[in-house]
Amino acid sequence: SRQGDRMRTIALPWETWRAIIATLREQALPYMLEHADQLEQQLERHGPDEPVVRLSLTDDVFLRSYTWARVQLGIPLPVEG
């Protein structure tokens, strides 16, 4: 991955992250599969018992995969602040 990528922290329920990962895998584009693996590796450090899981996304993952999956699944935009 490129150095200097800005990271964005996104907080969502564990089940929502699982749905995002599944949606990316269904799409099966190479970069989406790679991004799904990256998200899953982070998610595995958390448990489904956590009400909200915060994952760090590079700009690439955020802009190309997360935003697409969010629209597909109808996930509301996070409230900034």
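Quick note: residue numbers are just sequence positions, from 1. This structure is a prediction, so every number in the text was calculated from the model and none was measured. These numbers come from the heavy atoms of this one structure, side chains and all, not from hydrogens, waters or symmetry mates.
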Peer 1: Can you measure from CG (Leu33) to OG (Ser65) and round to the nearest 0.5 angstrom?
Peer 2: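 One finds 9.0 Å between CG of Leu33 and OG of Ser65.
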Peer 1: Could you state the interatomic distance from OH (Tyr66) to CG (Leu57), rounded to the nearest 0.5 Å?
Peer 2: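 Interatomic distance, Tyr66 OH to Leu57 CG, rounded to 0.5 Å: 8.0 Å.
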Peer 1: The criterion is side chain to side chain contact (heavy atoms under 4.5 Å, CB included); which residues satisfy it with Pro48, sequence neighbours excluded?
Peer 2: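 Side chain to side chain contact (heavy atoms under 4.5 Å, CB included) check on Pro48 returns Trp14.
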Peer 1: Of all the heavy-atom pairs spanning Phe62 and Thr67, show the shortest one and how long it is.
Peer 2: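 Closest approach of Phe62 to Thr67, heavy atoms only: O-OG1, 2.7 Å.
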Peer 1: Could you note down all residue pairs passing side chain to side chain donor-acceptor pair (under 3.5 Å) where residues 36-47 supplies at least one of them, sequence neighbours left out?
Peer 2: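 Qualifying pairs: Arg18-Glu40, Arg25-Asp37, Arg25-Glu40, Glu34-Gln38, His46-Glu50.
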Peer 1: Would you call the rings of Tyr31 and His35 parallel, tilted or perpendicular, taking 30° and 60° as the class edges?
Peer 2: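 If you compare the ring of Tyr31 with that of His35, the planes turn out perpendicular.
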Peer 1: Please assess Met7 against Thr58 for the test side chain to side chain contact (heavy atoms under 4.5 Å, CB included), listing each intermediate value before the final yes or no.
Peer 2: CA-CA 5 Å; Met7 300 298 286; Thr58 62; 3.6 Å; yes
Peer 1: Partners of Arg54 by side chain to side chain contact (heavy atoms under 4.5 Å, CB included), sequence neighbours excluded?
Peer 2: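 Listed in chain order: Thr9, Ala11.
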Peer 1: Which value, rounded to the nearest 0.5 Å, describes the distance between Ile20 atom CD1 and Trp68 atom CH2?
Peer 2: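 Answer for the CD1-CH2 pair, Ile20 versus Trp68, is 11.0 Å.
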Peer 1: Would you compute the distance between atom CG of Leu39 and atom CG of Leu43 and round it to the nearest 0.5 angstrom?
Peer 2: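 So the CG of Leu39 and the CG of Leu43 are separated by 8.0 Å.
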Peer 1: What distance do Leu12 atom CG and Arg70 atom CZ have between them, rounded to the nearest 0.5 Å?
Peer 2: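 The CG atom of Leu12 sits 10.0 Å away from the CZ atom of Arg70.
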Peer 1: Which distance, rounded to the nearest 0.5 Å, do you find between the CD of Gln27 and the CG of Leu24?
Peer 2: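 If I round to the nearest 0.5 Å, the distance is 8.5 Å.
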Peer 1: Between Ile21 and Thr23, is the side chain to side chain contact (heavy atoms under 4.5 Å, CB included) condition met? List the steps.
Peer 2: CA-CA 5 Å; Ile21 290 164; Thr23 300; over 6 Å; no
